Amino acid sequence: MAKFWYLVCMITFLELSKLAISRPEQVPTPPLPVLPLPTFSQLKWQQRELIMFLHFGVNTFTDSERGTGKENPSIFNPIGLDTKQWVTVAAEAGISLMILTAKHHDGFCLWPSKYTDHSVISSPWRNGHGDVVQEFIDAVKTHGGGGIDAGLYLSPWDRHDKRYGHDLQYNEYYLAQLQELLTKYGSVKEIWFDGFKGKEARNMSYYFSDWFAMVKELQSSINIFSDAGPDVRWVGNEKGSAGNTSWSTINSTLLSIGSLSTLE
């Protein structure tokens, strides 16, 4: 009889133990993502909200939007230049990314490039030893409070350099300058490739695929901006007004760098 009650008690204990142990809830598995997915850098770009573009160069002294390439470097002499003031204003405005025109269509370089003398080297500013890009990068790092990143613009259309119009020579020159900018100045979060060139420009083929490959090789987390991406693309007009509807994803074969018809 004692054995019988012992077995009954054991069975009851085991049943109660099963009830006491909570079973894991059945959670439905998440759906597979709808490709393509944005990269971390693209998501960061979407979250920035405000970006500042600094169009600064010889045009500042000629009061023109587009230079001719024939400007004398001696006109570039910003004796009151204070890049720290730029960054301070940007921080107060809530800017998260500042993009500087390292070279615009006039071909004048705001850094002492080894591949041309049409730069700050030939200007009286800092007695030819100045470097606007370096001062800009330093100011962003020191006075940006950690909330501002730096970006650079390097115009493909160069109205000054004699190599322009000769595909191989100019593309080699452009790649060399890209390498300078992306190896000498530390982390750059965005690089701009402007596909615009005037109707009077010499016939020229840009090796965009080679340019983009070098950029990603040198700085993998950077965003590349152009008419057609590959990371961030132009909205299609200078007003900044997106069409209705402008999707984040798009068939890239519909876009062509330098072709306005694909963006309007």
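Just so it is clear, the structure is predicted and the values come from calculations on it, not from any experiment.
Scanning all heavy atoms of the two residues, the minimum distance from Ile148 to Val140 falls at O-CG1, 3.4 Å. The shortest heavy-atom contact between Thr116 and Cys109 is CG2-SG, 3.9 Å. Closest non-hydrogen pair, Ile222 versus Lys216, comes out as O-NZ, 2.7 Å. Contact record, Leu43 with Pro38: CD2-CG, 3.7 Å, taken as the closest heavy-atom pair. Here the closest heavy-atom approach between residue Met98 and residue Phe136 is recorded as O-CZ, 3.3 Å. Ile137 approaches Ala150 most closely through the heavy-atom pair CD1-CB, 3.6 Å.
With contacts defined as side-chain heavy-atom distances shorter than 4.5 Å, the pair Asp194/His105 qualifies. Proximity of His160 to Asp106: side-chain heavy atoms (C-beta onward) are nowhere separated by under 4.5 Å. A 4.5 Å side-chain heavy-atom check between Tyr170 and Met204 finds at least one atom pair inside the cut-off. Taking the side chain as every heavy atom from C-beta outward, Lys184 and Asp131 approach each other to under 4.5 Å. At a threshold of 4.5 Å between non-hydrogen side-chain atoms, the residues Ser187 and Gln219 count as touching.
Aromatic ring orientation, Phe225 versus Trp192: parallel (interplanar angle below 30°, classes split at 30° and 60°). Taking the six-membered ring for Trp and thresholds of 30 and 60 degrees, Phe208 and Phe212 have ring planes inclined between 30 and 60 degrees apart. Using cut-offs of 30° and 60° for the angle between ring planes, the Trp157 and Phe196 rings count as perpendicular.
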Stepwise side-chain contact (heavy atoms from CB on, under 4.5 Å) test for Gln85 and Val89: CA-CA 6 Å; Gln85 186 263 346; Val89 171; 3.5 Å; yes

Walk me through it: do Trp86 and Phe56 pass the test side-chain contact (heavy atoms from CB on, under 4.5 Å)? CA-CA 12 Å; Trp86 298 355; Phe56 179 67; 3.9 Å; yes

Carefully, step by step, assess Trp45 and Asp231 under the rule side-chain contact (heavy atoms from CB on, under 4.5 Å). CA-CA 10 Å; Trp45 185 89; Asp231 299 312; over 6 Å; no

Go through it in stages, so that I can follow the logic: the residues are Arg126 and Glu135, the test is salt bridge (Lys or Arg N to Asp or Glu O under 4.0 Å), and I'd like the CA-CA distance, side-chain angles, deciding distance and then a yes or no. CA-CA 12 Å; Arg126 304 275 196 262; Glu135 292 192 21; 3.1 Å; yes

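Both tests do not hold together for Lys197 against Tyr164: distance to the six-membered ring centre under 6.0 Å, angle to the ring axis within 45°.
Checked against the 6.0 Å centroid threshold, Phe53 and Tyr153 count as a close aromatic pair.
The hydrophobic cluster containing Trp125 does not contain Ile121, counting ILVMFWY residues as joined when their side-chain heavy atoms lie under 4.5 angstrom apart, directly or transitively. Taking hydrophobic clusters as Ile, Leu, Val, Met, Phe, Trp and Tyr residues chained together by side-chain heavy-atom distances below 4.5 Å, Val87 shares a cluster with Leu50. Ile224 and Leu37 are assigned to two separate hydrophobic clusters, defined by single-linkage of ILVMFWY side chains at heavy-atom distances under 4.5 Å.
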Can you give each donor-acceptor pair under 3.5 Å made by side-chain atoms of residues 171-182, sequence neighbours left out, with the distance rounded to 0.1 Å?
| from | atom 1 | to | atom 2 | distance (Å) |
| --- | --- | --- | --- | --- |
| Asn171 | OD1 | Tyr207 | N | 2.7 |
| Asn171 | OD1 | Trp211 | NE1 | 3.2 |
| Asn171 | ND2 | Asp167 | O | 2.7 |
| Asn171 | ND2 | Ser205 | O | 2.8 |
| Tyr173 | OH | Gln177 | NE2 | 3.0 |
| Tyr174 | OH | Leu154 | O | 2.5 |
| Gln177 | OE1 | Lys103 | NZ | 3.4 |
| Gln177 | NE2 | Ser113 | OG | 3.2 |
| Glu180 | OE1 | Trp111 | NE1 | 3.0 |
| Glu180 | OE1 | Ser113 | OG | 2.8 |
| Glu180 | OE2 | Lys114 | N | 2.8 |

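More than 12 heavy atoms of other residues, nucleotides or ligands sit less than 6.0 Å from atom CG of Leu35. The number of heavy atoms from other shown groups lying within 6.0 Å of CD1 (Ile79) does not exceed 12.
The pair Lys44-Glu190 does not count as a salt bridge, with every side-chain nitrogen at least 4.0 angstrom from each carboxylate oxygen.
Applying side chain to side chain donor-acceptor pair (under 3.5 Å) to Ser64 and the options Thr60, Thr68, Thr62 leaves one that passes, Thr62.
Side chain to side chain, His55 and Thr101 fail the donor-acceptor criterion of an N or O pair below 3.5 Å.
Without hydrogens or angle criteria, Gln134 side chain to Val132 main chain gives no donor-acceptor distance under 3.5 Å. Judged by distance alone, with hydrogens and angles left aside, the side-chain atoms of Lys189 form no donor-acceptor pair with the main-chain N or O of Ser221 at under 3.5 Å.
If you take CD1 on Ile99 and CE on Met52, they are separated by 11.0 Å, rounding to the nearest 0.5 Å.
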